[in-house]
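To start, the structure itself, in structure tokens.
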Amino acid sequence: MATIVGGILTSHVPAIGRAIALELQQDPYWKPFFDGFPPVREWLARQRPDVVVVFYNDHGLNFFLDKMPTFAIGAAPSYSNADEGWGIPQVPAFKGEQTLSWHLIEALVAHEFDPVTCQEMLVDHAFTLPMALLWPDQQWPVTVVPVNINTVQFPLPSAKRCYDLGATIGQAVRNWDSSKRVAFLGTGGLSHQLDGERAGFINKNFDLEFMDSLVKEPRWATQFSIHQLVELAGTQGIELLMWLATRGALGEHVREVHRNYHIPISNTASGVQLLEPVA
């Protein structure tokens with residue numbers, strides 16, 4: 001059976017791509033953010049995952065407001081990015097893990113989820129930037145399975161539904177007849193709002209309590225409705241749904257290996273968290 005090695009949670013602010021392109025990792029503004037990643041890369045070098053299942057949200061590159069699935073899973077042989085209007089360079093294509101993709105799709109449907117199956121799929125900055133932060137040489141030593149969660153257009157899936165989605169995927173990975181090592185990557189957030197009267201909103205206390213809960217009480221955030229989470233974390237802070245799905249995939253008990261929290265990055269609270277499952 002496959003082995004789950006851990007889960008990585010991180011932000012995906014588009015400005016990160018520009019900072020990487022301009023080599024601003026040691027710039028005083030960016031250094032506290034980029035300094036959060038060497039321990040994660042060291043962990044990856046030790047754990048050597050073969051596959052990464054990426055929970056992320058599309059921002060209009062692959063899905064737009066006229067067609068917005070609640071959940072969508074890639075089952076393509078490869079995934080590329082394209083111009084989103086942010087000036088983010090194109091990165092090398094990601095090789096898909098199609099056998100695992102179909103295994104997850106079948107498991108989700110069997111558990112009464114209804115994901116959209118994508119045999120062709122573009123991936124945007126929410127996918128590419130976290131991968132580039134983990135592997136700066138962009139050689140991608142892993143295959144991938146993209147799992148897209150709608151956080152853009154209402155109605156959004158509840159926090160509990162996203163946690164349960166992750167839990168179902170995690171169990172399916174454990175049942176996968178493979179010797180491969182699998183890591184999960186959840187991207188987005190933390191608290192931020194880019195528009196409206198609360199533009200620039202950041203809630204540090206909530207962010208830190210949420211990060212604590214992922215270790216101590218993983219279902220804590222599922223008590224809140226989507227509207228309550230928007231109030232607590234901001235309109236775009238609802239991207240924490242990807243963190244919840246990742247946490248659900250890891251099982252009941254985890255240990256925290258590494259954490260970094262920094263504000264602000266482009267009006268966003270940035271978090272990095274590394275968790276390992278505990279039997």
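Everything numeric in this text was worked out from a predicted model, so none of it was measured.
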**Fill in**
Smallest heavy-atom separation, Leu241 atom then Ala159 atom, equals CD2-CA, 3.7 Å

**Minimum heavy-atom distance Pro277-Gly6, with the two atoms named** = CD-CA, 3.7 Å

**Request:** Verify the neighbour count for atom CD of Glu112: are there more than 12 heavy atoms of other residues, nucleotides or ligands below 6.0 Å?
**Result:** no

**Request:** Please work out whether the ring planes of Phe206 and Trp220 are parallel, tilted or perpendicular, with thresholds of 30° and 60°.
**Result:** tilted

**Message:** Within a 6.0 Å radius of atom CZ on Arg259, are there more than 12 heavy atoms belonging to other residues, nucleotides or ligands?
**Reply:** yes

**Item:** Pro115 side chain near Val109 side chain, heavy-atom distance below 4.5 Å
**Value:** yes

**Request:** Working to the nearest 0.5 Å, report the span between NE2 of His192 and CD of Gln236.
**Result:** 5.0 Å

**Item:** Sub-4.5 Å side-chain heavy-atom contact between Ile263 and Lys204
**Value:** yes

**Separation of Leu129 CG from Ile20 CD1 (nearest 0.5 Å)** = 6.0 Å

**Asked** Does a side chain donor of either Glu239 or His12 reach within less than 3.5 Å of an acceptor in the other side chain?
**Response** yes

**Phe127: which of Phe55, Trp140, Tyr56 passes ring-ring contact (aromatic ring centres under 6.0 Å, His included)** = Tyr56

**Request:** With side chain to side chain contact (heavy atoms under 4.5 Å, CB included) as the test, would you mind laying out the steps for Phe224 and Glu231 before giving the verdict?
**Result:** CA-CA 10 Å; Phe224 301 112; Glu231 183 177 354; over 6 Å; no

**Message:** Would you say Ser191 and Asp207 are linked by a side-chain donor-acceptor pair, where the criterion is simply a distance under 3.5 Å?
**Reply:** yes

**Item:** Under 3.5 Å: donor-acceptor pair, side chain of Ser213, backbone of Pro218
**Value:** no

**Request:** Indicate whether the side chain of His59 and that of Asp124 have a donor and an acceptor atom separated by less than 3.5 Å.
**Result:** yes

**Exam field: side chain Arg46 to backbone Arg41, donor-acceptor pair closer than 3.5 Å** = no

**Request:** Can you see which heavy atom on Ala183 is nearest to which on Val5, and at what distance?
**Result:** CB-CG2, 3.9 Å

**Request:** Check whether any side-chain heavy atom of Leu165 lies under 4.5 Å from a side-chain heavy atom of Leu244, and answer yes or no.
**Result:** no

**Message:** Just verifying a value: how many Å separate Phe64 CZ and Asp58 CG, rounded to the nearest 0.5 Å?
**Reply:** 10.5 Å

**Backbone N/O of Ile226 and side chain of Gln228: donor-acceptor pair under 3.5 Å** = no

**Request:** Using a 4.5 Å cut-off on heavy atoms from C-beta on, say whether the side chain of Ile4 contacts that of Arg174.
**Result:** yes

**Request:** Determine yes or no for a side-chain-to-main-chain donor-acceptor pair under 3.5 angstrom, with His111 supplying the side chain and Ala107 the backbone.
**Result:** yes

**Request:** Could you pull out the closest heavy-atom pair between Ser101 and Tyr79, with the gap in Å?
**Result:** OG-OH, 4.3 Å

**Prompt:** Yes or no on side chain to side chain contact (heavy atoms under 4.5 Å, CB included) for Asn260 and Thr10, after CA distance, side-chain angles and deciding distance?
**Reply:** CA-CA 9 Å; Asn260 183 64; Thr10 184; over 6 Å; no

**Request:** Check the pair Asp164 / Lys160 against salt bridge (Lys or Arg N to Asp or Glu O under 4.0 Å), numbers first and verdict last.
**Result:** CA-CA 6 Å; Asp164 291 346; Lys160 180 182 183 301; 2.7 Å; yes

**Request:** State, with a plain yes or no, whether a side-chain heavy atom of Val147 is found less than 4.5 Å away from one of Phe71.
**Result:** no

**Request:** Only one of Lys95, Lys180, Gln98, Glu97 passes side chain to side chain donor-acceptor pair (under 3.5 Å) with Thr143; say which it is.
**Result:** Glu97

**Request:** Check Thr246, Asn148, Leu185, Val123 against Val54 for a side-chain contact (heavy atoms from CB on, under 4.5 Å) and give me the one that passes.
**Result:** Leu185

**Asked** Is there a donor-acceptor pair under 3.5 Å between the side chain of Gln193 and the backbone N or O of Ala199?
**Response** no

**Message:** Between Asn62 and Leu122 (side chain of the first, backbone of the second, donor and acceptor by atom type, cut-off under 3.5 Å), is there such a pair?
**Reply:** yes

**Message:** Between Phe33 and Tyr29 (judged by ring centroids, cut-off 6.0 Å), do the two rings come close enough to count as a pair?
**Reply:** no

**Request:** Would you please say whether a donor-acceptor pair under 3.5 Å links the side chains of His125 and Glu84?
**Result:** yes

**Asked** Is any side-chain N of the basic residue among Arg247 and Glu252 closer than 4.0 Å to the acidic one's carboxylate O?
**Response** no

**Asked** Among side-chain atoms of Glu276 and Trp43, is any donor-acceptor pair under 3.5 angstrom?
**Response** yes

**Request:** Please tell me if the side chains of Pro136 and Phe34 come closer than 4.5 Å, counting only heavy atoms from C-beta onward.
**Result:** no

**Request:** Please check if atom CG in Asp177 has more than 12 non-hydrogen atoms from other residues, nucleotides or ligands closer than 6.0 Å.
**Result:** no

**Prompt:** Do the side chains of Asn81 and Val91 get nearer than 4.5 Å, heavy atoms only?
**Reply:** yes

**Message:** Tell me whether Gln138 at atom CD has more than 12 heavy atoms from other residues, nucleotides or ligands lying less than 6.0 Å away.
**Reply:** yes

**Message:** Using a 6.0 Å cut-off, check whether atom CZ of Arg198 has over 12 heavy atoms from anything other than its own residue.
**Reply:** yes

**Asked** What is the distance from atom CG of Leu274 to atom CD of Gln47, rounded to the nearest 0.5 Å?
**Response** 8.5 Å

**Prompt:** So which heavy atom on Gly36 is nearest to which on Val272, and how close?
**Reply:** O-CG1, 4.0 Å

**Message:** Quick check: closest heavy atoms across Gln273 and Met211, and the distance to 0.1 Å?
**Reply:** NE2-O, 3.1 Å

**Message:** For the OG1 atom of Thr187 and the CG atom of Asn57, what is their distance to the nearest 0.5 Å?
**Reply:** 6.0 Å

**Request:** Take Val173 and Phe184 through the test side chain to side chain contact (heavy atoms under 4.5 Å, CB included) and record every step on the way to the result.
**Result:** CA-CA 10 Å; Val173 169; Phe184 296 104; 3.9 Å; yes

**Distance (rounded to the nearest 0.5 Å) between Phe37 CZ and Leu44 CG** = 11.0 Å

**Item:** Pair Val182-Trp176, side chain to side chain contact (heavy atoms under 4.5 Å, CB included): steps then yes or no
**Value:** CA-CA 10 Å; Val182 180; Trp176 184 33; 4.1 Å; yes

**Request:** If the plane angle is over 60° it's perpendicular, under 30° parallel, otherwise tilted; pick one for Phe210 and Trp243.
**Result:** tilted

**Asked** Do Glu23 and Gln25 touch side chain to side chain, with heavy atoms closer than 4.5 Å?
**Response** yes

